Every structure is written in C-alpha cells, then in structure tokens.
Amino acid sequence: MQFIQHFLKIEGWQAQVKNALLRWLIIGTVFSTLFSLTGYLGGSHRYLELTSHFKLQYLGVGCIALIFFSVTRRKWLSLVSLFCVALNLAVIVPWYIPQLTDAAVPAGTPMKVLLANVLTSNRQYSKIISLVEKNSPDIAVFLEVNEVWSKQLEAIQDILPYSLVYPREDNFGIALYSKTALNDPAYKFFADEDVVSLLADVRFSDQIISIVATHPLPPSNQEYFNGRNTQLEEISKYVQQLKNPHLVVGDLNATMWSPYYKQFIQKSGLHNTRAGFGILPTWPAQSPLLYIPLDHCLVSSKIKVRDTKTLGNIGSDHLPLICDLALPRKT
C-alpha cells in the first residue's frame, strides 16, 4: 500500500511538471511565432525592430515545442510550432550555405581583419594583447576604447605600428590599428556630433583599401534609434562614392534580420563576411542563451572572404570577430 501511495505521488508530481511544461511551451511558442512575424514590421517602430533580432532563440523554442507537442500528440500546437521553426530556419539556414567551394577560394592578396569590442570597464588587457599576438591581424578595430585602453593598446604597436585612436569614457571610443601606414586618416561624424567613426586608406601589396570603423548608438530610446538609423543611412551614402575596395567594420547595434540593416546592405552594396560561415553571435558574451550577432565586418564586392569566425571570451560583453579576406589584385 505504501509503495502504491508513493508511486501515485510520483505520478502526480510528474503530471504537474508535464502540465507546467505544456503551459510554458504554449506561451513560448505563441510569442516566438508572433515575434518571428513582427520582426518584419520593424521599420514601423523600434519595439517591433527589437523582435527581429532573436531568430536563434525563436528557433530553439520552436524546436523544443515541436518535439514535445509531437510526442504528446497535440496536432494543432505541433503545426504552430512547426510554422515557427520554418519561419526562422528560412532566415538562418542561408547563412550556413558556403559561398565558395574549396577549389574557388580566391588567390588574391590576403588580409586579416580583427574586430573587438573591448568594453570600457573591462580590465583584462592581457587577453586583448594575447589575442593580437596570436592572430596577427593586418587591421584591428577596437571599440569602447577610453584613455586607459588607449594606453594599454600601445603594447601591440610592435605588431600594428600605425594607429588612429579616438578615446572616450562613454563606451563610444574607437581605435584603428594597421600593419601598414594609414593614409588620409580622419574622424567622421556621420549622424551625431557625439558619435565618431574612423576613416583611413591602407595599402596592401598593389591595392588601396578604404576602411570605415564605426559604432552607432544602441536603439535603447527613440533618439538613439533615430541616430543609429541615420548613421547607417549616411555611411551607405559615403561608401557608394568610394572608388577603392572598402570595408565597414564595427558594432552596428543591429543584426542581419533588422529591416534597417537590410536597407543599409541594399543601399551600400556591401557583403557580410559571415555569409557561408554561420550566424556567429557576438553579444552578450556572458549570456549564451541570448546571443545575437551585433558585430560585423562588411566588404565591397571585389573583396572575397576566405573565413570568418568568433574568438574566445576576452572579458568583454562581446566576442571578437576575425575575418580572412582576399583582396583583388590590380591587372
């Protein structure tokens, strides 16, 4: 009798867990499906644009729900979760489709680009120095650089002797480092007198490459939202008139699914180096379940991409991004 009572208690506990899981998965599926759709309306309001960024999370919820609803034989809930999965797979899978076969990997002049949002409050300077020493990039862009970080980055000048630095204490300082001389270096305020971008030309082999390093405002309020969008718009206009092959490197505070990112890509003609290498989320580094890809290296059509990947945690809330590129050779 005691065994039966104990068994019934277990059965009751299991039923409670099952019912709770069912409720949460229904809620999760409904919201994931809804937000998967509202992201496409992000051009009409900043809150709707916010829902466009979390495609990986919506996919994860949809997959878990689909398995649970299928096993428990809930037909309509299975169909809704399947719809959620399909919506998000449609915009995630293309990023994993290889752009080049091994035989087609370009043989142009190689150039390696590193992007690292170091986080102003981060004090793990040695991790950044080791990162540069290990990967030996030709170009490195560092974001959230203040006076202290500016001093600490002097340690990489043996590897990257040329630099343009604009330190700030409010998370919007930028530094651009290069193995070769920076020609026509300049500070540029594309949209807001308080948000700077760095411009420079660099010569590699027989080719001049134009670089834009930038860090638009996060869309945390309407003013910042408008400022970020204006900055992306102005950068797209700027790169359209560049004659040299060019790069735009930075934390754009937008993912590839944002309508404003899509407009930027369409108008600028740039190509995300992630294409063929996956989503490569970069933020927030301490919370993998919330990962989204905010940091980007974008290249003009003549620059080919050999590889792009994220690197290990550097004590920042962002993961670094490194890209192996092939520059066109003049004929």
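All heavy atoms count here, side chains included; hydrogens, waters and symmetry mates do not. Keep in mind it's a predicted model, so treat the numbers as computed, not measured. For this chain, numbers begin at 1 and follow the sequence in order.
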Do [X] and [Y] belong together in a cluster built from hydrophobic side chains that touch within less than 4.5 Å?
X      : Y      : value
Ile159 : Leu182 : no
Leu56  : Trp95  : yes
Val299 : Leu270 : no
Val118 : Val148 : yes
Phe142 : Tyr125 : yes

For [X] against [Y], the heavy-atom pair lying closest together:
X      : Y      : answer
Arg123 : Thr120 : NH1-O, 2.9 Å
Asp194 : Phe189 : N-CD2, 4.3 Å
Pro218 : Asn253 : N-ND2, 3.4 Å
Leu319 : Ala285 : CD2-CB, 3.9 Å
Thr51  : Gly39  : OG1-N, 3.2 Å
Leu290 : Phe54  : O-CE2, 4.0 Å

Any side-chain to backbone donor/acceptor pair from [X] onto [Y]? Under 3.5 Å, distance only.
X      : Y      : result
Glu234 : Gln231 : no
His246 : Asn244 : yes
Thr282 : Asp295 : yes
Trp149 : Asn122 : yes
His296 : Leu294 : yes
Thr310 : Pro320 : no
Thr273 : Cys323 : no
Ser258 : Ala254 : no
Ser150 : Asn146 : no
Lys112 : Asn135 : yes

- Message: Working note: Leu79 + Trp76, criterion side chain to side chain contact (heavy atoms under 4.5 Å, CB included); need CA distance, chi angles, decisive distance, verdict.
- Response: CA-CA 5 Å; Leu79 291 174; Trp76 290 109; 3.7 Å; yes

To the nearest 0.5 Å, how far apart are [atom1] in [X] and [atom2] in [Y]?
X      : Y      : atom1 : atom2 : answer
Ser121 : Asp317 : OG    : CG    : 7.5 Å
Ile156 : Ile128 : CD1   : CD1   : 9.0 Å
Leu115 : Leu143 : CG    : CG    : 5.5 Å
Ile322 : Leu131 : CD1   : CG    : 7.0 Å
Leu325 : Ile209 : CG    : CD1   : 9.0 Å
Tyr260 : Leu232 : OH    : CG    : 10.5 Å

- Under the side chain to side chain contact (heavy atoms under 4.5 Å, CB included) criterion, do Met111 and Leu247 qualify, and how do the steps go? CA-CA 12 Å; Met111 184 174 78; Leu247 315 172; 3.6 Å; yes

Just so I know, are the side chains of [X] and [Y] near enough to count as touching, which here means a heavy-atom distance under 4.5 Å?
X      : Y      : value
Asn272 : Tyr261 : yes
Ser178 : Ile139 : yes
Ile64  : Ile67  : no
Thr180 : Asp138 : no
Leu298 : Ile265 : yes
Ile208 : Val202 : no
Ile92  : Ile279 : yes
Pro245 : Ser210 : no

- Message: Is the ring pair His318/Trp283 parallel, tilted or perpendicular, if the boundaries are 30 and 60 degrees?
- Response: tilted

- Think Lys188 forms a cation-pi with Phe190, using NZ or CZ under 6.0 Å from the six-ring centre and within 45 degrees of its axis?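 Output yes; distance and angle both within limits.
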
- Message: Taking the six-membered ring of Tyr40 as reference, does the cationic atom of Lys55 (NZ for Lys, CZ for Arg) lie under 6.0 Å from its centre and within 45° of its axis?
- Response: yes

- Message: If you count every heavy atom of other residues, nucleotides or ligands that lies below 6.0 Å from Gln266 atom CD, does the total exceed 12?
- Response: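 No, CD of Gln266 has 12 or fewer neighbouring heavy atoms, counting only those of other groups under 6.0 Å.
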
- Message: Heavy-atom count check: over 12 atoms from other residues, nucleotides or ligands less than 6.0 Å from Glu223 CD?
- Response: no

- Tyr162 and Tyr177: aromatic ring centres closer than 6.0 Å?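 Judged by ring-centre distance (under 6.0 Å), Tyr162 and Tyr177 do not meet the cut-off.
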
- Item | Chi angles and distances behind the side chain to side chain contact (heavy atoms under 4.5 Å, CB included) call for Ile314, Gln124 | CA-CA 7 Å; Ile314 53 174; Gln124 299 184 50; over 6 Å; no

- Task: Have a look at Pro219 and tell me which of Tyr47, Tyr224, Phe225 forms a side chain to side chain contact (heavy atoms under 4.5 Å, CB included) with it.
- Result: Phe225

- Candidate pair Arg228 and Glu49, rule salt bridge (Lys or Arg N to Asp or Glu O under 4.0 Å), full reasoning: CA-CA 13 Å; Arg228 182 206 62 179; Glu49 193 235 0; 2.9 Å; yes

If only side-chain N and O atoms count, and only distance matters, is there a donor-acceptor pair under 3.5 Å linking [Y] with [X]?
X      : Y      : value
Lys127 : Ser316 : no
Gln222 : Asn226 : yes
Ser236 : Ser268 : no

- Message: Between the side chains of Glu144 and Arg168, is the shortest nitrogen-to-carboxylate-oxygen separation below 4.0 Å, so that they form an ion pair?
- Response: no

- Item | Audit row: Val85, Leu59, side chain to side chain contact (heavy atoms under 4.5 Å, CB included) steps and yes/no | CA-CA 5 Å; Val85 169; Leu59 176 62; 3.9 Å; yes

